[in-house]
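Model, not experiment: these values are computed from the prediction. The sequence lines fix the lettering, A, B, ..., with proteins before strands; numbering per chain opens at 1.
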There are 2 protein chains.
Amino acid sequence: MKNNKYLTIYEEMVEQIKNGTLKPNTKLPSENDLVEQYDTSRETVRKALTMLSQNGYIQKVRGKGSFVLDMTKFDFPISGLVSFKELAQKMGKPWKTIVNEFELIKPDDYLQKHLSVTGKDSVWKVLRSREMDGERIILDKDYFNKKYVPILTKEICEGSIYEYLEEDLQLKISFAKKEIYVEEPTEEDCRYIDLQDYNHVVVVKNFVYLEDASLFQYTESRHRLDKFRFVDFARRGH
Amino acid sequence: MKNNKYLTIYEEMVEQIKNGTLKPNTKLPSENDLVEQYDTSRETVRKALTMLSQNGYIQKVRGKGSFVLDMTKFDFPISGLVSFKELAQKMGKPWKTIVNEFELIKPDDYLQKHLSVTGKDSVWKVLRSREMDGERIILDKDYFNKKYVPILTKEICEGSIYEYLEEDLQLKISFAKKEIYVEEPTEEDCRYIDLQDYNHVVVVKNFVYLEDASLFQYTESRHRLDKFRFVDFARRGH
DNA sequence: GAGTGGTCTAGACCACACG
DNA sequence: GTGTGGTCTAGACCACTCC
């Protein structure tokens with residue numbers, strides 16, 4: 001059980017914003033007020049406020065105060081990493097995952113380069129179709145370095161691999177690079193996606209890194225054109 | 001002239017990473033070493049390191065140290081907000097902007113909702129085609145709230161509106177929400193994009209907010225399928 | 001001038017990695 | 001145990017907004 005004061009403050013305030021105790025477009029108590037309220041130091045309060053700001057909950061304005069943002073404008077999760085399961089649940093649609101292929105392979109050159117593994121390492125390869133409203137609209141191709149994921153079963157693949165990795169294996173995913181583009185469908189796409197007349201697919205490539213900066217997963221998510229949607233929420237750096 | 005110590009440290013270290021003084025996959029000096037090196041306090045050093053980490057330059061590992069990441073893996077700008085001008089320059093290709101339409105309009109219902117303006121406000125509407133290798137491959141539709149952008153000229157539109165807003169008008173852009181999806185081309189797309197046989201376009205919608213959380217710009221960027229590419233670099237929260 | 005958030009300091013203790 | 005980064009404190013001064 002962690003005991004981070006700033007995290008506690010952050011989570012409490014998120015809760016208050018979500019349940020309406022703190023209303024959109026109103027001013028938050030000043031940092032000094034919060035110091036008294038939470039009986040802590042100012043830097044700790046500020047750390048919580050910075051997190052709220054970075055996650056799109058509030059807006060800090062020097063000399064004036066911090067203001068609650070209207071989250072209803074942003075009807076999507078403030079995050080670039082959304083699993084299919086989350087997405088489907090959010091849309092309230094029935095969905096299904098079909099495991100097409102599931103095996104341990106020796107990586108080819110392309111994979112060796114992208115996963116930073118040698119030909120001697122083993123790599124899990126998982127091909128899954130995602131079905132919604134009776135149509136297979138997404139093909140997910142996942143590759144995991146066996147060094148980090150020693151055990152994987154077909155049952156896990158039918159659920160959320162993502163949850164398995166984070167919750168069961170306790171792998172700490174730290175950052176991901178994403179590339180999105182459009183290309184013509186491969187023979188594989190035709191086999192595993194109900195393409196109808198669409199003659200292109202949207203490809204989302206994901207390179208997932210662990211906390212120690214080692215790449216452990218490479219994913220290609222191939223979407224039928226009409227069912228693709230991506231939402232991103234970006235803050236400006238300096 | 002600002003005099004942020006932590007920003008100075010951050011910028012110096014970015015420079016050292018870029019020019020190779022700090023090499024990929026090596027360990028940084030410890031925080032305590034850096035405190036001595038820069039004659040400052042640990043929290044200040046940590047602020048700089050946190051920024052480096054958030055911007056993908058380093059990776060901090062508790063109990064071990066901070067490590068320089070191999071930026072060559074991430075051959076694209078670490079940012080979701082890339083202007084066409086930046087992109088074209090990075091690719092080293094000749095490019096041109098054609099201003100198709102440029103006028104002050106009264107917002108319709110759709111715009112009123114998205115720009116949070118009333119029917120009495122005025123809104124700048126700018127339609128620009130982006131040309132590369134002699135083909136118009138992108139149609140940019142920009143709408144600005146006149147309240148924030150009182151003056152706009154055709155000349156500015158032919159360059160980078162983005163730079164004009166930030167550098168000349170000193171508008172501080174704080175965050176942006178982005179939506180990406182694919183749809184069939186409109187009559188407008190056919191007129192202003194050299195679509196060839198492609199019967200879909202990739203639409204990137206951008207909602208840009210100022211520091212006080214007011215929405216001042218709504219942009220639609222419509223790309224020919226084959227010329228579309230989006231790169232994103234996401235850190236995990238918490 | 002009073003109040004706000006932004007930066008900075010010099011300490012302290014903790015959790016974790018490694019030998 | 002030693003060294004690392006993670007959290008926290010109780011101050012201080014500054015830059016900005018508003019009255």
Side-chain angles (χ1 to χ4, degrees), chain A residues 1-13 22 25-54 57-69 170-172 174 210-214 235-238, chain B residues 1-13 22 25-54 57-69 170-172 174 210-214 235-238:
Chain A
M1 190 62 162
K2 263 191 270 187
N3 194 19
N4 295 47
K5 222 162 183 174
Y6 79 91
L7 244 184
T8 310
I9 299 175
Y10 167 78
E11 282 163 359
E12 261 184 49
M13 296 186 76
L22 294 170
N25 303 315
T26 60
K27 198 164 77 141
L28 283 185
S30 77
E31 295 182 350
N32 286 319
D33 289 346
L34 290 170
V35 164
E36 284 197 15
Q37 240 183 76
Y38 287 98
D39 186 31
T40 183
S41 69
R42 202 175 144 220
E43 286 290 358
T44 301
V45 165
R46 283 180 55 70
K47 207 163 176 179
L49 293 183
T50 300
M51 263 182 92
L52 285 167
S53 158
Q54 282 174 343
Y57 289 102
I58 67 167
Q59 194 73 19
K60 305 166 88 176
V61 184
R62 158 138 59 174
K64 290 167 93 171
S66 297
F67 300 83
V68 182
L69 289 182
Q170 288 287 308
L171 287 177
K172 288 186 187 165
S174 139
L210 297 179
E211 271 202 347
D212 64 353
S214 56
R235 312 224 112 229
R236 291 275 292 174
H238 281 259
Chain B
M1 191 61 163
K2 264 190 268 185
N3 195 19
N4 295 47
K5 220 162 184 173
Y6 79 90
L7 243 184
T8 310
I9 298 174
Y10 167 78
E11 282 162 0
E12 259 184 52
M13 296 187 77
L22 294 169
N25 304 315
T26 61
K27 198 164 76 137
L28 283 186
S30 77
E31 296 182 350
N32 287 320
D33 289 347
L34 290 170
V35 164
E36 285 197 16
Q37 240 183 77
Y38 287 99
D39 187 32
T40 181
S41 69
R42 201 173 144 220
E43 286 291 357
T44 302
V45 165
R46 283 181 55 71
K47 207 162 178 180
L49 292 183
T50 300
M51 264 183 91
L52 284 168
S53 158
Q54 283 174 341
Y57 289 102
I58 67 167
Q59 193 73 19
K60 304 165 89 176
V61 184
R62 157 138 62 176
K64 290 167 92 171
S66 297
F67 300 84
V68 182
L69 290 182
Q170 288 287 307
L171 286 177
K172 288 187 186 164
S174 139
L210 297 180
E211 271 202 345
D212 63 354
S214 57
R235 311 224 114 227
R236 293 275 293 170
H238 292 270

- Message: Reading DNA chain D from 5' to 3', where do the contacts with chain A start and stop? Cut-off is 4.0 Å to heavy atoms.
- Response: dT7(D) to dC18(D)
- What distance separates Arg46(A) CZ from Leu52(A) CG, expressed to the nearest 0.5 Å? 12.5 Å
- Task: Select from Arg42(B) and Lys47(B) the residue whose nearest nucleotide in DNA chain C is closer to the 5' end of that strand.
- Result: Lys47(B)
- Mind checking side chain to side chain contact (heavy atoms under 4.5 Å, CB included) for Val35(A) and listing every partner two or more places apart, or none if nothing turns up? Arg42(A), Val45(A)
- Item | From Leu49(B) atom CG to Ile58(B) atom CD1, the distance as rounded to the nearest 0.5 Å | 4.5 Å
- Message: Once side chain to side chain contact (heavy atoms under 4.5 Å, CB included) is applied, do any residues pair with Gln37(B), and if so which ones, sequence neighbours excluded?
- Response: Pro29(B), Leu34(B)
- Sequence neighbours left out, what passes side chain to side chain contact (heavy atoms under 4.5 Å, CB included) with Ser30(A)? Give chain and number order. Asn32(A), Asp33(A)
- Query: Who passes side-chain hydrogen bond (donor to acceptor under 3.5 Å, both in side chains) against Glu12(B), sequence neighbours left out?
  - Reply: Tyr38(B)
Protein-nucleotides 1-4 of chain C N/O pairs closer than 3.5 Å?
{"residue": "dG3(C)", "atom": "N2", "partner": "Gly63(A)", "partner atom": "O", "Å": "3.2"}

- Item | Thr8(B): side-chain hydrogen bond (donor to acceptor under 3.5 Å, both in side chains) partners, not counting sequence neighbours | none
- Tell me, please, which residues at least two apart from Tyr6(A) pass side chain to side chain contact (heavy atoms under 4.5 Å, CB included). Asn4(A), Thr44(A), Lys47(A), Met51(A)
